[in-house]
Amino acid sequence: MYDLRTLRDNLDPIREQLGPRGADVPWDKLRTLIEQRRTLANQVEQLRHELKKGSDEVATLKREKQPADASMAAMKAIGERIKTIEDELRAVEEPLTDLNLRIPNLPHASVPVGKDVSSNTETRRWGSPPTLTAPAKNHSDLGEALGILDFDRAAKITGARFAVLTGSGARLERALINYMLDRHTTQHGYREVLPPFLVNRSSMTATGQLPKFEEDLFRLRDEDYFLIPTAEVPVTNLHRDETLNENALPIRYAAYTPCFRREAGSYGKDTKGLIRLHQFNKVELVALSKPEQSYEELERLTGHAEAILQGLGLHYRVVTLCTGDMGFSAAKTYDIEVWLPSQNHYREISSCSNFEGFQARRASIRYKGAVEKKGAKTEFVHTLNGSGLAVGRTVVAILENYQQPDGSVLIPEVLRPYMGGLAQIAKS
RNA sequence: GGAGAGGUGGCCGAGUGGCCGAAGGCAGCAGUUUGCUAAACUGCCGUAGGGGGAAACUUCUACCGAGGGUUCAAAUCCCUCCCUCUCCGCCA
């Protein structure tokens, strides 16, 4: 969503900067609606001014016990005109707001231009792939053989794209959640949040999931509530409709939540295993910062997500997404991709984005200076978030990268305290 | 789920049709007084959008939970929805 005045004055530059991202925006219609809205709103304002003056006259006349019928009749006519024009205004504003909510964010100048994944750029790598003495097995075969993953029963009790973890598998998932949260809260300065997993339509609109991507979400039948696709939604919305004090920034939250996604349009992709599920666990990092510090904050936040992989000893690379591959709300995104031996390539395990003021405008999250300065304007904060990390995919990476020739899996050192000292998952 | 009460500015709280963007108080800011602190006194003190001005500022419009309606005129009357509180029931 854009400020209407900004949009009106910069429609062509915005269109140009969005490039292919703005391909499905009906620009001419948008331009027409903006102009119509302006004209109608001006008319309504003027008429209301007349009405207000006229009504005051009526009040004066009545107080002085003088006849007011003529004024009343005139004002009635104006009132009717206002009503007519207001209806027209509504008929313009509704589609205008809807269109405005469907325009994606502008990419930051440092983002590589391109139309798909082929234009993403690798920014850095850490570590190296493990040396396996036997051919790499994939995580679902390993997990099923170890008796810690059960996809058949998950399909029975729910359906495709769900998983059951049992025994050391369930404990590994829980250990990872705790390890991630502990590091982010005690070493990286985040405040832990445990939010609702269902949110309302306003929250989904504020962070950009709605109105454009409703088919990706699970929605309750009897209430207008949605299952969260990421903790980004409830956590960013903590401060919706608030004006924060400048001193409070930056605000950093870490939240564990399950995430629910319809995965519409991904039929046939990653059908096996834990990679793409309708429900998965994630520890999410969310930050609110002053605009001038948000890119510094993005680097920091990405580093915090990387620190988890480093702690676990997992090889990864960081990729800067190009303009065509970024999500709707993002101004800049780094994907962190972990090495998966069975696939012999990197898979996304975290996505860290700066949304600049895009979500903050939709959510009305602003800040103002601590000391009231003359001309100090209340401004929108910048919002950021990143996975730190997707827990299920971390389990995948551990199973595959730490697999042994006998089918057992070593537990990374840092997790052992969270696993009751367990050093290895073997078939029991 | 049933019954009742209520949502007004940063906070408390008055306002049941017009002179109300809204009394009064608290907090905040500026000043006077004061040996210091405190107190007292005076003034200022909401947000958003449009017009004018280099700016200080000025003017118009909107906003009293949200959205509709009645009326010349709505914080105030009517309808729908949301939220909070109290009691009862149920429940982890």
### Query
Does A/Arg366 put a side-chain nitrogen or oxygen below 4.0 Å from OP1 or OP2 of B/A48?
yes
### Task
Remember a base hit wins even if backbone is also touched, and classify A/Arg63 as base, sugar-phosphate or nothing at under 4.0 Å, heavy atoms.
base
### Message
Taking any heavy-atom pair under 4.0 Å as a contact, classify A/Arg90: base, sugar-phosphate, or nothing.
### Response
sugar-phosphate
### Message
Roughly how many Å apart are B/C91 and B/C81, using the C1' atom of each and rounding to a whole number?
### Response
27 Å
### Task
Sticking with atom P, work out how far B/A22 lies from B/U59, rounded to a whole angstrom.
13 Å
#### Entry: Member of A/Thr333, A/Asn120, A/Thr123 meeting the side chain to side chain donor-acceptor pair (under 3.5 Å) criterion with A/Thr320
A/Thr123
### Message
Taking ring-ring contact (aromatic ring centres under 6.0 Å, His included) as the cut-off, I'd like each qualifying pair that reaches into residues 87-111 of chain A, sequence neighbours left out, listed once.
### Response
A/His108-A/Tyr295
### Query
Between A/Asp56 and A/Asp3, who's closer to the 5' end of RNA chain B by nearest nucleotide?
A/Asp56
### Query
The side chain of A/Leu51 lies closest to which of these nucleotides: B/G18, B/A73, B/G69?
B/A73
### Query
According to a strict under-4.0 Å criterion, is A/Lys83 in side-chain N/O contact with OP1 or OP2 of B/U70?
yes
### Message
Between B/A56 and B/G18, how far apart are the two P atoms, rounded to whole Å?
### Response
37 Å
#### Entry: P-based separation of B/G7 from B/G65 [nearest Å]
8 Å
Filtered N/O pairs between nucleotides 58-65 of chain B and protein, under 3.5 Å:
{"residue": "B/C60", "atom": "O3'", "partner": "A/His49", "partner atom": "ND1", "Å": "2.8"}
{"residue": "B/U61", "atom": "OP1", "partner": "A/His49", "partner atom": "ND1", "Å": "2.7"}
{"residue": "B/A62", "atom": "OP2", "partner": "A/Lys52", "partner atom": "NZ", "Å": "3.1"}

### Nearest-nucleotide 5' precedence on RNA chain B, A/Ala59 against A/Asn42
A/Ala59
### Task
Starting at atom CZ of A/Arg5, determine the distance to atom C1' of B/G49, rounded to an integer number of angstrom.
9 Å
### Task
Count the heavy atoms of every other residue, nucleotide or ligand shown that sit under 6.0 Å from CD of A/Gln187, and state whether that count exceeds 12.
yes
### Summary
From CD of A/Glu93 across to P of B/G68 the rounded distance in Å is 10 Å
### Message
Strictly below 4.0 Å, N to O, side chains only: are A/Arg90 and A/Glu94 in salt-bridge contact?
### Response
no
### Query
Around atom CD of A/Glu16, are there more than 12 heavy atoms of other residues, nucleotides or ligands at under 6.0 Å?
no
### Message
Could you walk me through whether A/Glu35 and A/Arg8 satisfy the side chain to side chain contact (heavy atoms under 4.5 Å, CB included) test, starting with their C-alpha distance in whole Å, then the side-chain angles of each, then the deciding distance to 0.1 Å, before giving a yes or no?
### Response
CA-CA 8 Å; A/Glu35 287 309 326; A/Arg8 173 164 60 92; 3.4 Å; yes
### Query
What residues form a salt bridge (charged side-chain N to carboxylate O under 4.0 Å, His left out) with A/Asp182, not counting sequence neighbours?
none
### Message
Once you apply a heavy-atom cut-off of 4.0 Å, does A/Met72 come out as touching a base, just sugar-phosphate, or nothing?
### Response
base
### Task
Determine the Euclidean distance between corresponding C1' atoms of B/A14 and B/G9; express it in Å to zero decimal places.
13 Å
### Query
Over how many whole Å does the gap from A/Asp9 atom CG to B/G49 atom P extend?
14 Å
